[in-house]
Amino acid sequence: MKSRENEINETLKNVFDPEIPMLSVIDLGMITAVKWDDKTITVSMIPTYAACPASGYIKKLILDALNASFPASTNDVLIDTTIHWDTNRISEFGKQRLKEARITPPPFVTAEVTREMLLGIACPVCNGTQTFLQMPFGYTLCRAIHFCKTCNQSFEQFKPLKIDS
Amino acid sequence: MNLGLTNFILKTADDSFIVGHRNSEWTGFGPFMEEDIAFASMAQDKIGHAWELYKLIPAPNDQQNYAEWLAFQRPVSDFKVAHLAALPNEGYDFSLIRHFLFDHAEYLRYEMLLSSSFEPLSHLAKKIKGELKFHTMHAETFLFQLANGSVESKARMQAALNYTLPFALGLFETYEGEQEIINAGVFEGEEALKKKWIQRITALINEAGLTLPDLNTIEPVFGGRNGYPSEHLAPLLAEMREVIALDPNAEW
């Protein structure tokens, strides 16, 4: 029999970001804590960007998923204000999924985001680096648009975002 | 919350809110599609930052939706916004220079706030600084390209810089209660920020090949922090509030 923890984890792995539908809230690193006992489950989450319009909606998606999987339990989703999200929180599996969806995943940022991290980045289709930045802002706050000269087409990059620790 | 801290948070939020709205006015009007999207994205970030800051101000008498009230129902005369923020977009040259001068000031402000004694601000500064990095990179990219483009583009950037500097220096106007903030270690102060900002923009403007006029000969445009808002603020707020003004108590 699966443990409660695994069951909750499985549920959260099936809640996806509406703007990046290949990534679950687990892979994005949006979940900061899960607490449970026999009668209640409380999940803490953090939004990605301060102005992300999807945060409230994702919170609702998580609660709906918990209520569907654990109807007998009293479930709650809290916004964790003690931790900030950055792209270093995205899981390796999540980065692989991004690449499969033809979005170049963000590099792991140790110090600070630099201009170079947006220049000559590898194309997710051909892995070539004969690319240029078309615009640092894309169709959502978290993505930039690049152009691959080898494939002769545009592609997206999940922009690196680093929070000082 | 004391007056100095309230004023500091309000003015920082007001600047983000109003510059954010001005940025959003480029939606559909950018010189090319990518810039249209860039200004719209930065608008979204900035209005998000203003929202986070407004939420730090405690609501009197537990007033509901106080952050929204501060943004959309507060009297115009209570705004603490710098004249720089409220100026109409004019051309893309002016908008870019404002973006460059304003965003470097904000980036440095949040860098200084990382060590603020007021924990909610130091905490928020980490997040906002990370996001603003993309705004300053964007500003620099186009400043450098246009300053090194054609004779006309360089001349227009230089003219926009000369025009905008008095307003930009107005960002560092003192406000009621500033000394308390400095004494309490919340923020090192506008003068300290101004020094860092001058150092930063001087280096970048020189690198871009433009000429920075002698800042000591420029009279800053003050008043915005102390109850004398830009003449452009009231019409702007009236436009932003058109919907809520129809029915201030409507439920959403």
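A, B, ... follow the sequence lines: proteins, then strands. Residue 1 opens every chain.
Taken from CD in B:E34 to CG in A:L133, the straight-line distance is 10.0 Å, to the nearest 0.5 Å. The distance from atom CD of A:Q134 to atom CE of B:M33, rounded to the nearest 0.5 Å, is 8.0 Å. To the nearest 0.5 Å, the span separating CE on B:M42 from CZ on A:F137 amounts to 5.0 Å.
Looking at B:K133, its side chain never comes within 3.5 Å of a backbone N or O of A:K162 through a donor-acceptor pair. With A:H84 contributing its side chain and B:H123 its backbone, the two residues share a donor-acceptor pair below 3.5 Å.
Residue A:D37 qualifies as enclosed at atom CG: its count of foreign heavy atoms under 6.0 Å is above 12. Surrounding CZ of B:F29 are at most 12 heavy atoms belonging to other residues, nucleotides or ligands under 6.0 Å away. Heavy-atom contacts from other residues, nucleotides or ligands closer than 6.0 Å to CZ of B:R156 number 12 or fewer. Atom CD of B:Q63 has more than 12 heavy atoms from other residues, nucleotides or ligands within 6.0 Å. By the neighbour-count criterion of 12 heavy atoms within 6.0 Å, atom CD of A:E100 is densely surrounded, having more than that number from other residues, nucleotides or ligands.
Both the backbone and the side chain of B:Q44 come within contact range of chain A, each with at least one heavy atom under 4.5 Å from a heavy atom of that chain. With a threshold of 4.5 angstrom between heavy atoms, A:T87 does not approach chain B through any atom at all. Heavy atoms of B:L114 lying under 4.5 Å from chain A belong exclusively to its side chain. Only the backbone of A:I83 comes within less than 4.5 Å of a heavy atom in chain B; its side chain stays farther off. With a 4.5 angstrom heavy-atom cutoff, B:E35 does not touch chain A via any of its atoms.
Looking at B:H138 and A:M135, their side chains never come closer than 4.5 Å, going by heavy atoms from C-beta outward. Side-chain contact check for A:L161 versus B:E131: some heavy-atom pair is nearer than 4.5 Å.
The two residues B:M137 and A:T114 make their nearest non-hydrogen contact at SD-C, 3.9 Å. Smallest separation of non-hydrogen atoms from B:F134 and A:K159: CE2-CD, 3.3 Å. The shortest non-hydrogen separation linking A:G138 to B:S41 is O-OG, 4.1 Å.
By number of non-hydrogen pairs under 4.5 angstrom with chain A, the leading residue of B:A38, B:G48, B:G130 is B:A38.
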